[in-house]
Amino acid sequence: MNERNASQRPNMTYQLMDATKTTFTDSHFQAVLDKGTLDAILTDTEAGTLETATKLLTEIGRVLQCGGRYICVSLAQAHVLEKLVTQFSQGGWMVRIHQVSESSSKQSGSQFPLPVFVFVMTKVKEMPGFPLVLEMMPDDEGGKSVRCGSTNELMDMVKERQRYALIRNRLNQNQGSPEVSLDLCDGVSGRTRYTFHVVDSPTIRPSHSNHFAIFIIPQGRETEWLFGSETGRRQLAGSVGFRRLLVVALHRDQQYDSMEAIQSELSAKVLELAPPGLPDNQQVPFLSAGGDIGVRTVQYRGRSEMSGEYVVEDVRGDGTSYFRRLIFLSNQNVVQSEARLLPSNTQSGQKKKRKDKKKQQKANDNLDPKTTHVMDKSYLCCEHHKAMISGLSLLHNPGVASEQHISVLVVGLGGGSLSLFIHDYFLGAQVEAVEIDSAVLDVACRWFGFSLDDRLKVHLADGLVHINDLAGKG
């Protein structure tokens with residue numbers, strides 16, 4: 001190597017030496033470059049192997065000047081990652097990790113599925129109180145680095161990128177495999193900003209323009225069957241006619257300005273999940289239901305000792321109707337309770353004429369989320385509620401069912417819509433609801449228009465225990 005480079009690179013020398021015990025003086029170099037040497041040495045976690053790796057990294061620290069950098073190119077296998085981060089987070093170093101861009105891999109002709117990382121360790125003078133600096137650089141150029149609070153957090157970020165690379169490789173190798181879902185988090189807060197569902201439809205014949213599309217689920221509609229279930233999303237993918245559909249859910253607590261802003265934010269990231277064979281410069285369409293990103297307004301946040309955190313939010317449903325929902329954050333894809341909202345001047349009564357109902361619907365269609373509104377107590381959100389009410393109306397004498405004196409126990413209050421409906425439309429009914437969670441009763445009264453009177457009572461108890469107590473009393 002010395003002979004080969006003597007004429008063209010006279011200042012470059014090659015020396016035969018053991019990297020764990022070199023003959024260089026202390027602080028001899030401003031930079032040390034390592035392209036895969038640590039990976040080659042640290043093949044396992046045996047004691048002797050780890051000792052050799054420690055000697056290598058210690059020697060690198062000895063020959064570097066203060067302010068100098070150790071630059072290590074590595075696949076960052078778990079034990080190599082742990083060794084690097086642990087050794088250089090003991091003090092006297094700043095740690096920064098970069099991921100080699102995919103464009104670099106493509107230019108080199110590499111099809112290796114695992115990402116390559118560059119660890120940049122900067123040697124600093126140890127001083128009392130000097131903060132631990134652990135940084136992960138963003139995927140995109142010009143983005144801000146992410147400062148990590150612990151070595152585990154930094155290592156987790158590397159492992160996330162490795163898992164993401166393997167997912168992408170799997171999608172490229174096995175089109176038509178089961179749906180893959182992943183979360184895209186905000187780079188600053190770390191909170192989930194988007195959820196991606198990658199759905200392939202291999203039975204659709206390929207054409208120039210049907211390779212790939214993005215479908216944005218409007219805010220508040222992610223719980224609907226078509227968007228919230230794997231079977232529904234597969235049906236959606238088949239109906240829009242693209243071989244791969246990326247279904248994107250938007251999250252509460254995140255600000256979204258417009259469909260155009262979302263498209264601009266996601267355009268680079270979604271192309272990473274495009275199917276192989278996507279033509280260069282292919283325009284990828286962004287689709288949605290209703291043409292916009294929907295409306296979601298969180299009205300209240302609370303915490304139940306029994307069920308955890310919950311939110312009360314107003315959303316626009318299919319069309320232009322607005323709904324108020326109670327959702328427990330431990331199961332965000334399930335709407336616990338729902339009520340339809342009406343402008344305050346179109347409150348539905350029990351004896352509305354057909355003509356008034358049409359006016360009511362028209363007003364509801366034009367409902368503005370900022371308008372003062374009330375609950376539509378005539379609305380039943382669940383199909384099984386409608387079946388229950390239909391059966392109740394057939395008791396004994398169908399002709400006068402609404403005036404009959406009947407006693408009804410509702411197990412589970414929720415927002416109270418079922419209990420209120422029976423109370424308002426069966427005028428002879430005595431309604432008792434039993435609810436195990438006091439926080440749910442508070443939400444029903446404060447946010448869903450629920451109120452008690454001499455025909456409507458609530459017991460705070462376990463439903464099964466309450467039923468057994470009633471049975472015990474005859």
Side-chain angles (χ1 to χ4, degrees), residues 31 33-35 69-78 80-82 84-86 88-89 93-108 110 112-122 124 131-169 171-172 180-196 198 214 216 246 248-251 253-258 260-274 284 286:
L33 309 181
D34 170 0
K35 191 175 78 70
R69 290 177 175 177
Y70 168 45
I71 301 173
C72 177
V73 181
S74 171
L75 289 173
Q77 290 175 271
V80 176
L81 172 65
E82 183 176 5
L84 273 169
V85 173
T86 302
F88 288 99
S89 60
W93 295 89
M94 295 192 297
V95 179
R96 174 177 281 182
I97 305 177
H98 300 252
Q99 182 178 342
V100 177
S101 67
E102 186 175 303
S103 59
S104 303
S105 301
K106 284 182 177 178
Q107 288 169 7
S108 66
S110 171
F112 196 66
L114 290 175
V116 177
F117 295 91
V118 178
F119 293 76
V120 181
M121 317 300 194
T122 304
V124 296
L132 182 64
V133 179
L134 305 169
E135 293 183 333
M136 186 78 196
M137 296 305 291
D139 293 335
D140 56 318
E141 294 182 14
K144 292 183 178 179
S145 60
V146 178
R147 182 71 63 89
C148 299
S150 68
T151 55
N152 285 336
E153 184 182 349
L154 182 63
M155 290 190 288
D156 284 344
M157 295 186 79
V158 172
K159 292 173 183 176
E160 275 184 10
R161 296 187 182 207
Q162 291 171 328
R163 286 194 292 267
Y164 179 56
L166 290 173
I167 286 172
R168 292 178 58 198
N169 183 66
L171 286 169
N172 287 338
V180 171
S181 299
L182 57 147
D183 291 335
L184 183 65
C185 300
D186 181 86
V188 178
S189 68
R191 294 192 173 199
T192 303
R193 182 160 172 79
Y194 299 98
T195 295
F196 292 166
V198 185
I214 319 301
I216 306 296
L246 184 63
V248 181
L250 313 180
H251 281 251
D253 295 330
Q254 297 290 324
Q255 183 67 38
Y256 307 98
D257 296 330
S258 65
E260 292 73 23
I262 290 174
Q263 185 171 347
S264 175
E265 182 180 0
L266 292 181
S267 55
K269 182 58 68 177
V270 296
L271 285 176
E272 295 176 2
L273 299 170
V284 178
F286 277 70

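Remember, predicted model here, so these are calculated numbers, not experimental data.
Val120 is not listed as a side-chain neighbour of Ile97, based on a closest heavy-atom distance of 4.5 Å or more. Within the 4.5 Å cutoff, the side chain of Asp257 has heavy atoms near those of the Gln255 side chain. With contacts defined as side-chain heavy-atom distances shorter than 4.5 Å, the pair Ile262/Leu250 qualifies. Contact of the Leu266 side chain with the Leu184 side chain is registered, since non-hydrogen atoms from C-beta on lie closer than 4.5 Å. Proximity of Val180 to Phe196: side-chain heavy atoms (C-beta onward) are nowhere separated by under 4.5 Å.
In this structure, OH on Tyr164 lies 4.5 Å from NZ on Lys269, to the nearest 0.5 angstrom. Here Ile167 contributes atom CD1 and Leu273 contributes atom CG; the two are 8.5 Å apart, rounded to the nearest 0.5 Å. Atom CG of Leu134 sits about 11.0 Å away from atom CE of Met157, to the nearest 0.5 Å. Interatomic distance, CD of Gln162 versus CG of Leu114, reported as 6.5 Å (0.5 Å rounding). Here NE2 of His251 is found 10.5 Å from CZ of Arg193. Values are rounded to the nearest 0.5 Å. To the nearest 0.5 Å, atoms NE2 (His98) and CD1 (Ile71) are separated by 8.5 Å.
Contact record, Leu75 with Pro115: CD2-O, 3.7 Å, taken as the closest heavy-atom pair. Across all non-hydrogen atoms, the minimal contact from Val80 to Ser74 is CG1-OG, 3.7 Å. Here the closest non-hydrogen pair linking Cys72 and Leu84 is SG-CD1, 4.2 Å. When all heavy atoms of Ser89 and Leu132 are compared, the pair lying nearest together is O-CD1, 3.5 Å.
Residue pairs meeting the side chain to side chain donor-acceptor pair (under 3.5 Å) criterion with at least one member in residues 147-157, sequence neighbours excluded: Glu135-Arg147. Annotation: salt bridge (charged side-chain N to carboxylate O under 4.0 Å, His left out) contacts involving residues 158-169, sequence neighbours excluded, comprise Glu102-Arg168, Asp139-Arg161.
Annotation: Arg69, atom CZ; neighbour count of heavy atoms from other residues, nucleotides and ligands within 6.0 Å does not exceed 12.
With sequence neighbours excluded, the residues that form a ring pair (Phe, Tyr, Trp, His ring centres under 6.0 Å) with Tyr70 are Phe88. Tyr194 is linked by a ring pair (Phe, Tyr, Trp, His ring centres under 6.0 Å) to Tyr256, counting only residues two or more places apart in sequence or in another chain. The side chain to side chain contact (heavy atoms under 4.5 Å, CB included) test applied to Met94 returns Thr122, Val124, Phe130, Val133, not counting sequence neighbours. A search for salt bridge (charged side-chain N to carboxylate O under 4.0 Å, His left out) contacts involving Asp186 returns nothing, not counting sequence neighbours.
In this structure, the side chain of Ser264 does not engage the main chain of Ala261 through any donor-acceptor pair within 3.5 Å.
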